[in-house]
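Report on the following structure.
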Amino acid sequence: MSTRVAVVGDELVAGVGDPRGMGWVGRVVGRTRTPEEIEVYTLAVPGETSTQLSARWETECNRRFGGDDDRLVVALGSADLDHGVSLARSRLNLANVLDDAANRPVAAFVVGPPPRAGVDEAALGELSRAFADVCRRRRVPYAETFEPLRAHEQWLADLAAGDGRHPGQAGYGLLAWLVLHNGWYAWIGAEDPEQS
């Protein structure tokens, strides 16, 4: 049995700014051990809003799907705030993606938007809570990244060392840790190495 995972989101999905070129996705995959092979395909669009993601995910993922077990990771960024997307529209965009995936059926996992320089902190916190609520209502795992990282010294230092919007090696390691410890292993059917 083969599992194919498509990861859609903004440039953080591609690991932009990581000198090792792994990003959080590569680190998560590197820590995931399953009985069967997992194929992971990253589909990143820089500065993508949830509206844009909602419009493209299915077409792009269909080109990668075709395994025995197709799965979707939605990694949300802060672009909705940059482009004036309303909170209600952001919620609806994510809800539509998750509902469409569930109807296929494609299991989904959502990664929330992390803090970034130049983005209103209160608004981003509200956006993250809204995304978390959409996931909770659909029983979809949600990896909260905003709240744990908003005052995290290592995350803030890593952002400051770069361009303020893209973390480096340490920041991507923190994102990977948050994904791994917020339901990833159970969702993907892998053994948590810390529990074995």
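Index from 1, following the sequence. Predicted model only: the values in this text are computed from it and were never measured.
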**Report entry** Residue pairs passing the salt bridge (Lys or Arg N to Asp or Glu O under 4.0 Å) test where at least one lies in residues 170-180, sequence neighbours excluded
**Finding:** none
Query raised in the report: At what distance, to the nearest 0.5 angstrom, does CZ of Arg33 lie from CG of Asp192?
Result: 12.5 Å
Query - Same apolar cluster (I L V M F W Y, side chains within < 4.5 Å links), Leu53/Leu72 - result: yes
Requested in this report: Give a yes or no on whether the backbone of Gly125 and the side-chain of Glu147 come within a donor-acceptor separation of less than 3.5 Å.
Outcome: no
Query raised in the report: Counting N and O atoms only, with roles assigned by atom type, does the side chain of Asp158 sit under 3.5 Å from a partner on the main chain of Gly168, one being a donor and the other an acceptor?
Result: yes
Query raised in the report: Of all residues at least two apart in sequence or in a different chain, which pass the side chain to side chain donor-acceptor pair (under 3.5 Å) check with Ser128?
Result: Tyr142, Glu144
Requested in this report: State which residues pass side-chain contact (heavy atoms from CB on, under 4.5 Å) with Val119; sequence neighbours excluded, sorted by chain then number.
Outcome: Ser78, Leu81, Asp82, Arg116, Leu124, Arg165
**Report entry** Within residues 120-132 or reaching into it, pairs that qualify as salt bridge (Lys or Arg N to Asp or Glu O under 4.0 Å) - sequence neighbours excluded
**Finding:** Glu121-Arg150
Requested in this report: Could you list who else is in Tyr41's hydrophobic cluster, with ILVMFWY side chains joined at under 4.5 Å, directly or through other members?
Outcome: none
Query - Of all pairs that satisfy ring-ring contact (aromatic ring centres under 6.0 Å, His included), the ones with a partner from residues 101-126, not counting sequence neighbours - result: Phe109-Trp184, Phe109-Trp187
Query raised in the report: So, do Val5 and Ile188 sit near enough that their side-chain heavy atoms are less than 4.5 Å apart?
Result: yes
Query raised in the report: Shared ILVMFWY cluster between Phe65 and Val7, side chains joined below 4.5 angstrom?
Result: no
Report summary line: Cluster membership besides Leu92, Ile/Leu/Val/Met/Phe/Trp/Tyr side chains within less than 4.5 angstrom, sorted by chain and number, is none
Query raised in the report: Under 3.5 Å, side chain of Trp155 to main-chain N/O of Pro115, donor-acceptor pair present?
Result: yes
Report task. Quick one: which residue pairs count as a salt bridge (Lys or Arg N to Asp or Glu O under 4.0 Å) with a foot in residues 39-58, not counting sequence neighbours? Result -> Arg4-Glu39, Glu48-Arg56, Arg56-Glu60, Glu58-Arg104
Query raised in the report: Are Val73 and Val45 joined in one hydrophobic group, where the rule is that I, L, V, M, F, W and Y side chains link up if heavy atoms are under 4.5 Å apart?
Result: no
Requested in this report: Identify the two heavy atoms, one from Phe146 and one from Pro113, that lie closest to each other, and give their separation to 0.1 Å.
Outcome: CB-O, 3.4 Å
Report task. Work out which heavy atom in Gly112 is nearest to a heavy atom in Thr145; give both atom names and the distance. Result -> O-OG1, 2.9 Å
Requested in this report: Kindly determine whether Arg71 and Thr3 satisfy side chain to side chain contact (heavy atoms under 4.5 Å, CB included), including the steps that lead there.
Outcome: CA-CA 7 Å; Arg71 292 174 177 258; Thr3 299; 3.9 Å; yes
Report summary line: Rounding to 0.5 Å, atoms CG (Asp99) and CZ (Arg137) come to a distance of 12.0 Å
Query - Spacing of Thr34 atom OG1 and Glu191 atom CD [to the nearest 0.5 Å] - result: 11.0 Å
Query - same_hphob_cluster(Val111, Leu12) at 4.5 Å side-chain heavy-atom cutoff - result: yes
Query raised in the report: Applying the side-chain contact (heavy atoms from CB on, under 4.5 Å) test to Ser90, which of Val134, Val85, Thr49 qualifies?
Result: Val85
Requested in this report: For Val97 and Ser54, work out which heavy atoms get closest and say how close.
Outcome: CG2-CA, 3.7 Å
Could you list the donor-acceptor pairs under 3.5 angstrom formed between side-chain atoms of residues 170-180 and any protein atom two or more places apart in sequence or on another chain?
| unit_1 | atom_1 | unit_2 | atom_2 | d |
| --- | --- | --- | --- | --- |
| Tyr172 | OH | Val16 | N | 3.2 |
| Tyr172 | OH | Val16 | O | 2.6 |
| Trp177 | NE1 | His181 | ND1 | 3.4 |

Requested in this report: Give, for atom OG1 of Thr51 and atom CG of Asn93, the distance between the pair rounded to the nearest 0.5 Å.
Outcome: 4.0 Å
Query raised in the report: Is there any side chain to side chain donor-acceptor pair (under 3.5 Å) pair reaching into residues 14-24, and which pairs are they, with sequence neighbours excluded?
Result: Asp18-Arg27
Report task. Kindly write out the residues that satisfy side-chain contact (heavy atoms from CB on, under 4.5 Å) with Val140, not counting sequence neighbours, or none if the list is empty. Result -> Leu98, Ala108, Val110, Cys135, Arg138
Query raised in the report: Are any of the side-chain heavy atoms of Val13 and Leu43 separated by less than 4.5 Å?
Result: no
Query raised in the report: Would Ser50 and Asp80 satisfy side chain to side chain contact (heavy atoms under 4.5 Å, CB included), going step by step from the backbone distance to the final call?
Result: CA-CA 6 Å; Ser50 65; Asp80 281 10; 2.6 Å; yes
**Report entry** Any residue meeting salt bridge (Lys or Arg N to Asp or Glu O under 4.0 Å) with Arg89, in chain and number order, not counting sequence neighbours
**Finding:** none
**Report entry** Taking every non-hydrogen atom, the tightest pair across Ala117 and Leu159
**Finding:** N-CD1, 4.4 Å
Query raised in the report: Val25, Met22: one ILVMFWY side-chain cluster at the under-4.5 Å cut-off?
Result: no
